[in-house]
Structures are given as structure tokens and as C-alpha cells.
Amino acid sequence: CIRDSDWTKWSAIAEIFSAIAIVVTLLYLAVQTNQLQVQTAQNFELMEREAARAVEDRRYLLSDVVLNNPVYLEIMLKDKSELTELEREQMTLLGIRILLNFEALHEDVERGTSTQDYAERVVRNVYWRPTLDYGAKLAWETYKGRAAPEFIEWMDEYVIEPGPIE
């Protein structure tokens with residue numbers, strides 16, 4: 001037969017083990033939380049590097065398109081009034097490609113992976129370029145039909161209305 005004092009002793013021992021189990025569980029959770037925070041920080045850093053690489057790739061893509069297609073260079077140097085129908089279509093397609101790049105850069109600004117100042121400066125310089133016209137102005141009316149409303153507003157406010165950078 002078990003006496004009351006034995007029950008009290010076993011009850012106290014059980015409470016001690018329960019307390020130890022709670023402390024061990026809390027320590028385990030703290031370690032897991034710390035590991036999760038470290039992993040999250042590493043993932044965020046990796047995403048930032050990938051976003052920066054994508055911006056860099058887009059920068060080179062624009063010039064690569066022209067360098068790999070000398071016909072574009074000839075068309076870009078022409079006065080727009082002298083373009084044939086085919087050349088006008090080529091310039092419009094090149095302009096659409098440039099505007100896709102601009103819209104991606106705008107999205108980078110909204111995500112915080114690029115700065116507003118950088119995006120405005122780059123887009124305005126390319127859009128308003130006096131020589132080697134990339135066709136963005138020519139393609140703008142066509143492109144607006146598929147662009148996000150936020151991008152259209154951004155282009156109007158920060159690129160088209162302010163005009164060329166002087």
C-alpha cells in the first residue's frame with residue numbers, strides 16, 4: 001500500500017520532471033527559432049543578389065540587342081520620317097522590348113530592389129535619347145494598351161512630362 005507521503009514525494013518528482021521538460025522544450029524552440037531567423041536572413045540576401053543580377057542582365061540586354069543586330073543600329077540613326085514601313089515596325093518592336101525592360105525596372109522600384117532615382121535617370125536618358133533612338137517613344141502608344149496602369153502613371157509623371165534630362 002502506498003502512503004500519502006509517498007504520493008506527495010512522487011508528485012513532487014513528477015512536477016520537477018515536468019518543469020525540466022518545459023525548460024528543455026523552450027530551449028529547443030529558442031534554438032529552432034534562431035536557426036529559422038538565420039535561414040530567413042540568408043534567403044533574403046540570396047534574393048537580393050539575384051534581383052541585382054537581374055537588373056544588371058537587363059542593362060546589358062539592351063545594348064546586346066543592338067550590337068548583335070547591326071540593322072537596328074542603322075535604323076536607330078535614321079530620322080523617323082525617313083523610315084520605311086518595315087523599319088518602322090522593327091523600331092516599334094525594339095521600342096516594345098525597351099518598354100518591357102522599363103516596366104520591369106519600375107517593378108524593381110516597387111519591390112525595393114532598385115531606387116526611384118536610378119530608374120528615373122536610366123529610363124529618361126534612354127527614352128529621350130537624341131541619337132540612337134531605341135524606339136520607346138514610337139512604341140509607347142502601342143505599349144500602353146498592355147501596360148499596368150501604375151506603370152503608365154509612372155511613365156507619364158517621371159519620364160514623359162519632365163522631358164529629357166538636361
Exercise. Taking it one step at a time, do Ser81 and Asp79 satisfy side chain to side chain donor-acceptor pair (under 3.5 Å)?
Worked result: CA-CA 5 Å; Ser81 64; Asp79 184 275; 2.4 Å; yes
For this session: Please report the C-alpha distance between Glu141 and Lys144 in whole Å, then the side-chain angles of each, then the deciding distance to 0.1 Å, and finally whether the salt bridge (charged side-chain N to carboxylate O under 4.0 Å, His left out) criterion is met.
Result: CA-CA 5 Å; Glu141 287 305 314; Lys144 282 169 58 172; 3.7 Å; yes
Exercise. Atom OH of Tyr28 and atom OG1 of Thr33: how far apart are they, to the nearest 0.5 Å?
Worked result: 10.0 Å
Problem set entry | Intermediate values then yes/no, side-chain contact (heavy atoms from CB on, under 4.5 Å), Glu157 and Glu153 | CA-CA 6 Å; Glu157 182 176 348; Glu153 290 174 25; 5.8 Å; no
Exercise. About how many Å separate CG of Leu94 and CD1 of Ile75, when rounded to the nearest 0.5 Å?
Worked result: 8.5 Å
For this session: Classify the ring geometry between Phe151 and Tyr143 as parallel (under 30°), tilted (30 to 60°) or perpendicular (over 60°).
Result: perpendicular
Exercise. Do the side chains of Tyr134 and Tyr127 get nearer than 4.5 Å, heavy atoms only?
Worked result: no
For this session: Please answer: with hydrophobic residues joined when any side-chain heavy atoms are less than 4.5 Å apart, are Ile98 and Leu77 in the same cluster?
Result: yes
For this session: Answer with yes or no whether the side chains of Gln39 and Gln35 bring together a donor and an acceptor at under 3.5 Å.
Result: no
Problem set entry | Other residues, nucleotides, ligands: >12 heavy atoms within 6.0 Å of Gln32 CD | yes
Exercise. Are Ile96 and Val71 connected, step by step, through hydrophobic side chains (Ile, Leu, Val, Met, Phe, Trp, Tyr) whose heavy atoms are closer than 4.5 Å?
Worked result: yes
Seminar exercise, completed: Heavy-atom closest pair (Ala139 atom, Gly95 atom, distance to 0.1 Å) is CB-C, 3.7 Å
For this session: Take Thr40 and Leu36 through the side-chain contact (heavy atoms from CB on, under 4.5 Å) test and state the conclusion after the steps.
Result: CA-CA 6 Å; Thr40 300; Leu36 182 61; 4.2 Å; yes
Exercise. Around atom CZ of Arg124, are there more than 12 heavy atoms of other residues, nucleotides or ligands at under 6.0 Å?
Worked result: yes
For this session: Could you pull out the closest heavy-atom pair between Met155 and Leu99, with the gap in Å?
Result: CE-CD2, 4.1 Å
For this session: Supply the atom-to-atom distance Glu45 CD to Glu50 CD, rounded to the nearest 0.5 angstrom.
Result: 11.5 Å
Exercise. Is there a salt bridge (charged side-chain N to carboxylate O under 4.0 Å, His left out) between Glu87 and Lys80 once you walk through the steps?
Worked result: CA-CA 9 Å; Glu87 291 171 335; Lys80 298 305 160 254; over 6 Å; no
Problem set entry | Distance, nearest 0.5 Å, that separates CD of Glu150 from CD of Glu103 | 9.0 Å
For this session: Determine, stepwise, if the pair Arg121 / Asp117 fulfils salt bridge (charged side-chain N to carboxylate O under 4.0 Å, His left out).
Result: CA-CA 6 Å; Arg121 191 174 64 254; Asp117 180 59; 3.0 Å; yes
Problem set entry | Ala119 versus Val109, closest heavy-atom pair with distance | CB-CG2, 3.5 Å
Exercise. Below 4.5 Å, heavy atoms only, C-beta onward: do Lys78 and Glu74 meet side chain to side chain?
Worked result: no
Problem set entry | Contact summary for Asp156 and Ile160, nearest pair of heavy atoms | OD1-CD1, 3.6 Å
Problem set entry | Residue among Trp128, Trp154, Tyr118 satisfying side-chain contact (heavy atoms from CB on, under 4.5 Å) with Val123 | Trp154
Exercise. Would Leu138 and Arg88 satisfy side-chain contact (heavy atoms from CB on, under 4.5 Å), going step by step from the backbone distance to the final call?
Worked result: CA-CA 8 Å; Leu138 185 64; Arg88 183 170 287 286; 2.9 Å; yes
Exercise. Backbone N or O of Asp108 within a donor-acceptor pair of the Thr113 side chain at under 3.5 Å?
Worked result: yes
Problem set entry | Distance, nearest 0.5 Å, that separates OG1 of Thr84 from CD of Gln90 | 7.0 Å
Exercise. CG/Leu83 to CG/Asp133 distance, rounded to the nearest 0.5 angstrom?
Worked result: 9.0 Å
Exercise. Are Leu132 and Leu67 joined in one hydrophobic group, where the rule is that I, L, V, M, F, W and Y side chains link up if heavy atoms are under 4.5 Å apart?
Worked result: no
Exercise. For Val126 and Arg129, what are the C-alpha separation, side-chain angles and deciding distance, and is it a side-chain contact (heavy atoms from CB on, under 4.5 Å)?
Worked result: CA-CA 5 Å; Val126 173; Arg129 190 171 181 158; 5.7 Å; no
